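Keep in mind the model is a prediction, meaning the values are calculated, not measured.
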Amino acid sequence: MIDRIGKDFEFYQKALALRQQRQEILASNIANTDTPNYKARDIDFNATLREAMGEGGLPRLPDTSLTLTSARHIPASAHTSGPAQELYRVPSQPSLDGNTVEMDTERTQFADNTMRYQTDLQILNGRIKSLLAVIQQ
């Protein structure tokens with residue numbers, strides 16, 4: 001049972017982290033709307049989340065741990081859950097200075113991602129409240 005709860009929370013943790021990363025990318029696009037030759041970027045949220053959860057997509061590199069040959073060595077390990085692959089947007093109306101940021105698209109995507117982030121937080125909050133109610137009974 002605990003494993004199932006942990007898996008559920010792991011899903012929301014990764015989803016919220018990806019939403020935050022996407023929000024930063026979209027904010028960067030908006031901030032660079034007047035920068036010559038700036039290319040608007042975004043991530044494919046669904047594909048990246050599936051990859052982060054280990055369901056299809058690109059294969060993950062195996063986790064690595066260092067071999068200790070002395071008692072004074074510090075144990076270390078590396079886990080691969082790197083950042084999402086950023087994609088470039090194709091503009092519908094390219095500008096003369098090479099900038100591909102389209103403010104209408106960016107604002108819409110920013111607002112949509114914000115709404116989904118808040119929804120994910122509300123769902124997670126509801127699950128935590130449900131678990132607390134069950135534990136208290």
Between [X] and [Y], is there shared hydrophobic-cluster membership here, with clusters defined by ILVMFWY side-chain heavy atoms closer than 4.5 Å?
{"X": "Ile123", "Y": "Leu132", "result": "yes"}
{"X": "Tyr117", "Y": "Ile128", "result": "yes"}
{"X": "Leu87", "Y": "Ile25", "result": "no"}

Side chain to side chain contact (heavy atoms under 4.5 Å, CB included) partners for [X], two or more places apart:
{"X": "Ser70", "result": "Arg72, His73"}
{"X": "Phe11", "result": "Leu49, Met53"}
{"X": "Asp97", "result": "Pro36, Ser95, Asn99"}

What's the shortest heavy-atom distance between Arg41 and Leu26, and which atoms? O-CD2, 4.5 Å

Heavy-atom nearest pair, Phe45 first then Leu18, reads CE1-CB, 3.5 Å

Among all residues two or more places apart in sequence or in another chain, which pass the side-chain hydrogen bond (donor to acceptor under 3.5 Å, both in side chains) test with Glu10? Lys14

Under the rule for side-chain hydrogen bond (donor to acceptor under 3.5 Å, both in side chains), what residues qualify as partners of Asn46, not counting sequence neighbours? none

Stepwise side chain to side chain contact (heavy atoms under 4.5 Å, CB included) check, Leu124 with Phe9: CA-CA 8 Å; Leu124 182 58; Phe9 284 139; 3.4 Å; yes

Kindly compute the distance separating CD (Gln118) from OG1 (Thr114), expressed to the nearest 0.5 Å. 6.5 Å

How long is the gap from CD on Gln21 to CG on Leu16, to the nearest 0.5 Å? 13.0 Å

Would you call Arg116-Asp112 a salt bridge at under 4.0 Å N-O? yes

Is the side chain of Asn113 donor-acceptor paired with the backbone N or O of Arg19 at a distance under 3.5 Å, no angle test? yes

Would you confirm whether Ser28, through its side chain, and Glu24, through its main-chain N or O, come within 3.5 Å as a donor-acceptor pair? no

Using a 3.5 Å cut-off and no angle test, enumerate the donor-acceptor pairs between side-chain atoms of residues 100-111 and protein atoms at least two apart in sequence or in another chain.
unit_1, atom_1, unit_2, atom_2, d
Thr100, OG1, Ala40, N, 2.7
Glu102, OE1, Ser92, OG, 3.4
Glu102, OE2, Ser92, N, 2.8
Glu102, OE2, Ser92, OG, 2.9
Glu102, OE2, Gln93, N, 2.9
Glu106, OE1, Asn29, ND2, 3.0
Glu106, OE1, Arg89, NH1, 3.2
Glu106, OE2, Arg89, NH1, 2.5
Thr108, OG1, Asp104, O, 2.8
Gln109, OE1, Arg22, NH2, 2.5

